[in-house]
J.: 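Quick one: the structure is below, questions incoming.
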Amino acid sequence: MHGGRDRKDGTNIAGTLIVICNNTFKAPERAVAIRGEPEEQCSVYHNWFLKHNNPKDAVYGYERTKVFDNLYGNNQKRIK
């Protein structure tokens, strides 16, 4: 999700409400990047990040980005 800096419109808004759930991410790169602040919230949950061992490697976001209840790595370690 691109923020206002990417659009060069003088804001840092990246959407209103973002929900990312029930996905399997297999790429070794960072899977989710929210490049601005959502007006309400971004929730990233019930996903499996196969190539990442922790939330910080898998998801990038600002203060209103909540990452919870996902699986990480081949052993499917759940981090709440």
J.: What's the verdict on side-chain hydrogen bond (donor to acceptor under 3.5 Å, both in side chains) for Glu63 and Thr65, showing C-alpha distance, side-chain angles and the deciding distance?
T.: CA-CA 6 Å; Glu63 188 173 321; Thr65 300; over 6 Å; no

J.: Roughly how far apart are His52 NE2 and Lys26 NZ, rounded to 0.5 Å?
T.: 14.0 Å

J.: Show the numbers, then the answer: is there a side-chain contact (heavy atoms from CB on, under 4.5 Å) between Thr24 and Phe49?
T.: CA-CA 6 Å; Thr24 300; Phe49 298 97; over 6 Å; no

J.: Using the rule side chain to side chain contact (heavy atoms under 4.5 Å, CB included), only one of Leu71, Asn23, Asn22 pairs with His46; which is it?
T.: Asn22

J.: Work out which heavy atom in Tyr72 is nearest to a heavy atom in Ala58; give both atom names and the distance.
T.: CE2-CB, 4.0 Å

J.: Would you say the side chains of Glu40 and Thr16 form a donor-acceptor pair under 3.5 Å?
T.: no

J.: For the side chain to side chain contact (heavy atoms under 4.5 Å, CB included) test, which of Val59, Ile18, Val19 pairs with Val44?
T.: Val59

J.: SG/Cys42 to NZ/Lys66 distance, rounded to the nearest 0.5 angstrom?
T.: 10.0 Å

J.: Give, for atom CZ of Arg64 and atom CD of Glu37, the distance between the pair rounded to the nearest 0.5 Å.
T.: 4.5 Å

J.: How far does CG of Asn47 sit from CG of Asp69, to the nearest 0.5 angstrom?
T.: 10.0 Å

J.: Output the distance between atom CZ (Phe25) and atom CG (Asn70), rounded to the nearest 0.5 Å.
T.: 8.5 Å

J.: Do other residues, nucleotides or ligands put more than 12 heavy atoms under 6.0 Å from Tyr62 OH?
T.: yes

J.: Is any side-chain heavy atom of Ser43 closer than 4.5 Å to a side-chain heavy atom of Phe68?
T.: yes

